[in-house]
Amino acid sequence: MGNLSAEQVKRLADNFMRMANALGDYRYNNIDSLTEEQNIKIKEIHNQQLAATTELYTKSAVLVLEDAQDALGKIDTITTESQELYKKLTNVQGILDRASSVLNLASAILALDVSAVTSSIQELVS
């Protein structure tokens, strides 16, 4: 297992910020077609993603991941895919599922849970 450098932690936080922004854009662009319940759920997840991103930016502990370079590359891919999915998906449940999975990944990283990080990445990549 390798330790993440400050640059790698920032890269993770930048990716999570882009994914959170894409979710926020989805909510904003589709506000008229969302039910109140869907809007509230997306808003809650969006706020949680933003909080996790902020914590990741400021976290002083060293994050440890198995094969950090590989994981970071996969998270780059997940970020790009998430941004595109939020633009294309018309199924709100699909948006909620993806956003929840991204939040699970952020939580696993913040908890330093290598197993959960690995499974979250696998879930998002597949």
Side-chain angles (χ1 to χ4, degrees):
M1 292 197 301
N3 291 335
L4 290 175
S5 67
E7 181 180 328
Q8 290 169 323
V9 172
K10 184 185 179 308
R11 183 172 152 194
L12 279 170
D14 289 345
N15 279 326
F16 281 109
M17 181 60 74
R18 282 192 285 279
M19 288 186 278
N21 287 341
L23 179 60
D25 291 344
Y26 171 84
R27 182 174 165 250
Y28 177 77
N29 291 329
N30 294 282
I31 194 79
D32 294 333
S33 63
L34 297 173
T35 66
E36 184 176 347
E37 182 179 321
Q38 291 169 332
N39 182 42
I40 289 169
K41 185 65 177 170
I42 292 173
K43 181 180 179 180
E44 287 173 0
I45 293 172
H46 183 232
N47 285 335
Q48 290 171 335
Q49 285 182 352
L50 290 172
T53 300
T54 300
E55 188 174 342
L56 189 53
Y57 273 123
T58 58
K59 191 158 183 74
S60 60
V62 176
L63 301 176
V64 179
L65 296 173
E66 290 182 66
D67 193 358
Q69 283 304 115
D70 184 52
L72 289 170
K74 287 179 182 172
I75 292 172
D76 285 342
T77 300
I78 290 166
T79 299
T80 301
E81 289 174 357
S82 293
Q83 289 172 304
E84 292 304 312
L85 278 172
Y86 292 150
K87 291 177 187 173
K88 294 179 192 174
L89 281 179
T90 56
N91 176 337
V92 175
Q93 188 58 52
I95 297 292
L96 288 170
D97 292 345
R98 182 66 174 206
S100 294
S101 294
V102 167
L103 183 57
N104 289 341
L105 175 58
S107 297
I109 291 170
L110 291 170
L112 305 176
D113 186 339
V114 175
S115 175
V117 169
T118 302
S119 68
S120 292
I121 287 174
Q122 288 172 346
E123 176 185 336
L124 283 159
V125 170
S126 58

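None of the values given here were measured: they were computed from a predicted structure. Side chains included, hydrogens not; waters and symmetry mates left out as well; all remaining heavy atoms used. All residue numbers in this chain count up from 1 along the given sequence.
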**OP:** With the side chain counted from C-beta on, respond yes when Ile75 and Leu12 share a heavy-atom pair under 4.5 Å apart, and no when they do not.
**Re:** yes
**OP:** For residues Ile95 and Leu85, report the shortest heavy-atom separation together with the two atoms involved.
**Re:** CD1-O, 4.1 Å
Original post:
Nearest heavy-atom pair of Tyr86 and Gln49: which atoms, and what distance?
Top reply: OH-NE2, 4.4 Å
Original post:
Do you know which two heavy atoms are closest between Ser101 and Leu124, and how far apart they sit?
Top reply: CB-CD2, 3.4 Å
Original post:
Is the shortest heavy-atom distance from the side chain of Gln83 to the side chain of Asp25 under 4.5 Å?
Top reply: no
Subject >> Criterion side chain to side chain contact (heavy atoms under 4.5 Å, CB included) on Ile78 and Ile121, from CA distance to verdict >> reply: CA-CA 8 Å; Ile78 290 166; Ile121 287 174; 4.3 Å; yes
**OP:** Mind checking the NZ-CD spacing from Lys88 to Glu81? Nearest 0.5 Å is all I need.
**Re:** 9.5 Å
Subject >> Residues which pass side-chain hydrogen bond (donor to acceptor under 3.5 Å, both in side chains) with Gln38, listed by chain and number, not counting sequence neighbours >> reply: Thr35
**OP:** Please examine the side chains of Tyr26 and Leu34, heavy atoms only from C-beta on, and report whether any two atoms are closer than 4.5 Å.
**Re:** yes
**OP:** Under the side chain to side chain contact (heavy atoms under 4.5 Å, CB included) rule, collect the residues that match up with Asn21, sequence neighbours excluded.
**Re:** Met17
Original post:
When rounded to the nearest 0.5 angstrom, what distance separates CG in Leu72 from CZ in Arg11?
Top reply: 5.0 Å
Original post:
Can you tell me how far NZ of Lys41 sits from CZ of Arg27, rounded to the nearest 0.5 angstrom?
Top reply: 13.5 Å
**OP:** Indicate the atoms forming the closest heavy-atom contact of Ile42 with Val92, along with that distance.
**Re:** CD1-CG1, 4.1 Å
**OP:** Would you give the length of the straight line joining atom CZ of Phe16 to atom OG1 of Thr54, rounded to the nearest 0.5 angstrom?
**Re:** 12.5 Å
Subject >> Atom pair CD (Glu55) and CD1 (Ile109), whose distance is rounded to the nearest 0.5 Å >> reply: 11.5 Å
Original post:
So do the side chains of Thr80 and Asp76 get within less than 4.5 Å of each other, counting heavy atoms only?
Top reply: no
Subject >> Nearest atoms (heavy-atom pairs only) where Leu89 meets Gly94 >> reply: CD1-C, 3.9 Å
Original post:
For Gln93, which residues count as a side-chain hydrogen bond (donor to acceptor under 3.5 Å, both in side chains) partner, sequence neighbours excluded?
Top reply: Asp97
**OP:** Taking side-chain hydrogen bond (donor to acceptor under 3.5 Å, both in side chains) as the test, write out the residues that go with Ser120, two or more places apart.
**Re:** none
Original post:
So do Arg18 and Asn15 actually touch side chain to side chain, heavy atoms under 4.5 Å?
Top reply: yes
**OP:** Return the minimal non-hydrogen interatomic distance between Arg98 and Ser82, and the atom names on each side.
**Re:** NE-OG, 2.9 Å
Original post:
Can you name the side-chain hydrogen bond (donor to acceptor under 3.5 Å, both in side chains) partners of Ser100, sequence neighbours left out?
Top reply: none
**OP:** For Glu84, enumerate each residue passing the salt bridge (Lys or Arg N to Asp or Glu O under 4.0 Å) test, keeping only those at least two apart in sequence or located in another chain.
**Re:** Lys87
